[in-house]
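By convention in this document, chain letters (A, B, ...) are assigned in the order of the sequence lines, proteins followed by strands, and residues within each chain are numbered from 1.
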Amino acid sequence: MSSGLVRRGGGGGGNNSCSSIVWFRRDLRIEDNPALAAGVRAGAVVAVFIWAPEEEGYYYPGRVSRWWLKQSLAHLDTSLKSFGTYLVTKRSSDSVSSLIDVVKSTGATHLFFNHLYGHYVYFHFVDPLSLVRDQRAKELLTDQGIVVQSFNADLLYEPWDVNDDQERPFTTFADFWNKCLNMPYDPAAPTLPPKRITSGDVSRCSSDILMFENETETGSNALLARAWSPGWSNADKALSAFINGPLIEYSVNRRKADSATTSFLSPHLHFGEVSVRKVFHLLRIKQVLWANEGNIAGEESVNLFLKSIGLREYSRYISFNHPYSHERPLLGHLKFFPWVVDESYFKAWRQGRTGYPLVDAGMRELWATGWLHDRIRVVVSSFFVKVLQLPWRWGMKYFWDTLLDADLESDALGWQYISGTLPDGRAFDRIDNPQFEGYKFDPYGEYVRRWLPELARLPTEWIHHPWNAPEPVLQAAGVELGMNYPSPIVEIDAAKDRLQESLTEMWQLEAASRAAIENGTEEGLGDSSESAPFAFPQDIMEVDHEPARNHTTNLPRRHQDQMVPSMTSSFLRVEESSSSEHRNSAGDSRQEVPMNTNNVSQVHHIETVNQGGPPIIVNNNPQWFNNNLGPRNMDDTAESSSISRRDRDGGLVPVWSPSSSSSSEHFVGEENDLESTPSYLRRHQQSNQLLDWRRLSQAR
DNA sequence: TGCAGGTTACG
DNA sequence: GTAACCTGC
């Protein structure tokens with residue numbers, strides 16, 4: 001494996017300069033990579049990637065996402081070789097112990113890595129937030145005598161640096177983004193790649209071969225390489241191509257479902273192949289240029305594209321401030337929404353057999369390519385939540401499993417926005433009509449015809465509502481509704497009525513639970529303890545199933561936001577714990593941050609039958625995250641925060657603690673939430689506590 | 001210029 | 001559905 005061409009300093013050569021481990025994660029790039037730059041500055045570098053999908057718990061990456069990762073790592077390795085070293089790869093179920101192994105076998109004295117801000121669902125450590133895990137990694141390695149330093153490479157501004165006038169986190173996107181654009185200091189300017197990288201001593205550090213796909217998957221992935229070129233230098237080319245090409249027309253074209261006028265940067269950004277700060281930087285240059293030229297449309301385009309960058313930032317911001325946002329609605333009342341638990345609906349949606357052409361075209365494109373235009377993501381997810389009224393987390397999980405740019409933070413934000421569970425999200429009771437949206441995003445029906453060949457001969461007049469087409473028209477087009485293309489599985493009008501009823505029920509339950517709390521009737525209408533576990537059959541991906549129709553009565557409904565059926569292979573069962581256990585596990589012991597605690601008792605994963613995939617951790621009670629979160633090593637908030645502004649890299653990271661956003665009226669509904677006894681909102685009174693990581697690492 | 005009425009966008 | 005925005009009198 002060590003075919004390193006130019007292994008300068010290899011084989012014990014790093015005699016007087018120290019050797020650093022650079023831990024690559026979702027920052028698979030050479031350019032503008034602060035951790036790598038720090039390693040190069042310090043001396044010799046051992047570049048490491050650790051594949052530990054078990055640490056993603058429930059969110060094992062989907063097939064196409066793994067394909068991308070594989071290509072991206074190969075690309076990175078090739079680059080590193082040309083710079084003078086190569087990528088050490090490790091297969092692990094525990095990143096931190098693998099890091100320690102690498103430290104021992106290379107004699108490294110430093111570890112550098114870049115922050116992740118996302119959700120993190122690791123069974124052993126039980127943390128909702130990557131930063132918390134990273135802090136723990138830092139402490140363990142510091143105890144081993146390693147100097148550890150971490151950096152921001154993924155965001156324009158660290159989440160804890162963007163606050164309102166009262167130093168509280170924002171709860172709406174527009175305010176957040178406005179603040180970002182008007183910060184007193186610019187985002188750090190992107191840096192150039194190092195000139196060369198001196199390799200650390202990797203002679204005694206073996207690499208593992210990483211398996212990212214099985215044989216079937218290799219076949220399914222064969223076509224991806226035609227459309228996509230993963231890897232950081234390709235990402236850079238894609239960025240230039242977009243900025244010098246389609247960007248100027250972005251404001252005009254961005255709504256077309258079918259167009260190639262979006263940036264296609266999202267998978268590159270997800271894996272950190274391109275630095276968002278570089279994107280921002282180049283956009284600003286164009287913005288200034290076009291503003292000077294009086295090019296209004298160009299300026300507008302930059303602003304709009306910047307906004308989508310801003311949404312990505314905001315998704316990390318939300319994850320940081322609300323570590324459960326991938327699991328549960330940010331507005332508590334949605335917990336009482338009676339979701340329709342109907343797998344045949346779910347299946348029809350996945351297979352693109354809902355009877356609504358725009359939705360179906362989107363779902364088939366997603367399945368076939370792993371890609372979906374942003375507008376169509378909104379259409380299919382909105383249909384999922386509002387028309388089918390399926391639990392939003394199912395849809396989110398399906399996106400996670402199928403999207404090439406699957407990104408838990410962005411997708412959680414998107415689904416919550418669609419579900420109306422953000423203060424600035426869409427209204428609950430708004431149903432978008434796929435027929436009208438069809439003519440908006442795909443006015444000539446070209447997109448539908450591409451993905452639904454059975455409708456290809458239908459005239460544009462009827463393409464988005466074939467159920468209204470006269471029989472002779474259908475016949476001429478070879479369309480037999482209910483036979484080769486389904487009739488709508490749910491009528492929009494019926495969905496509207498049903499949605500109204502559900503919302504009424506939701507508000508009633510919410511009021512009742514509020515009343516129960518005020519009366520001290522503790523559990524009130526608590527739903528968690530009585531929601532039955534939800535098992536899923538294995539046939540989910542079959543293609544030839546005729547979706548069930550006309551479920552107008554007796555729809556199975558649940559009030560809890562169910563755990564997601566696994567799309568890949570698993571048959572899952574969740575064992576409930578008693579609600580008193582919930583309270584206990586959640587309510588106490590937050591001062592201590594036990595290290596290396598195996599909280600099996602809190603984790604209700606009982607049965608996972610799972611073919612070759614990673615162990616899947618199942619839990620439908622998000623509280624289990626809570627019990628070992630907590631501040632330690634706190635600094636004075638104000639002081640630390642001012643330091644962090646001056647010295648952005650490698651220094652300050654706050655210990656996660658719930659944000660103060662619940663004091664905003666927006667989240668007030670959650671405040672009295674009985675099921676979420678230890679609700680992150682309940683603990684909002686605390687502000688983010690800052691921890692000086694550098695202090696830890698300087699204890700050398 | 002000011003207002004009514006229509007249109008668009010909405011993270 | 002609402003609020004900002006545009007248009008025509």
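- Of the N and O atoms on the side chains of R350(A) and Y398(A), not one donor lies less than 3.5 Å from an acceptor on the other residue.
- For the pair D432(A) CG and dG1(C) C1', the computed distance is 12 Å after rounding to whole Å.
- Counting non-hydrogen atoms under 4.0 angstrom, D175(A) reaches nothing in the nucleic acid.
- Counting non-hydrogen atoms under 4.0 angstrom, G414(A) reaches a base of the nucleic acid.
- The base of dG11(B) does not come close enough to the side chain of R430(A) for any donor and acceptor atom to sit less than 3.5 Å apart.
- For F436(A) and dT7(B), the CZ to C1' distance is 16 Å, given to the nearest whole Å.
- Look at CZ on F441(A): it is 13 Å from P on dT8(B), rounded to the nearest Å.
- Judged by the 6.0 Å distance and 45° axis criteria, K397(A) is positioned over the aromatic ring of Y58(A).
- Using a 4.0 Å heavy-atom criterion, one finds that Y417(A) contacts the bases of the nucleic acid, with or without backbone contacts as well.
- Partner of F320(A) under the ring-ring contact (aromatic ring centres under 6.0 Å, His included) criterion, out of F170(A), W160(A), Y117(A): W160(A) alone.
- Atom CZ in F173(A) sits roughly 12 Å away from atom C1' in dC10(B) (whole-Å rounding).
- Between the CG atom of D424(A) and the C1' atom of dG1(C) there is a distance of 16 Å, rounded to whole Å.
- If you take CZ of R375(A) and P of dC10(B), they are 8 Å apart, rounded to a whole angstrom.
- Contact check on K278(A) versus D236(A) returns a salt bridge, with a Lys/Arg side-chain nitrogen under 4.0 Å from an Asp/Glu carboxylate oxygen.
- Residue E437(A) contributes atom CD, which lies 13 Å from atom P of dA9(B) at whole-angstrom precision.
- Put simply, CD1 on I431(A) is 14 Å from C1' on dG1(C), counting in whole angstrom units.
- Residue K307(A) places none of its side-chain N or O atoms closer than 4.0 Å to OP1 or OP2 of dA9(B).
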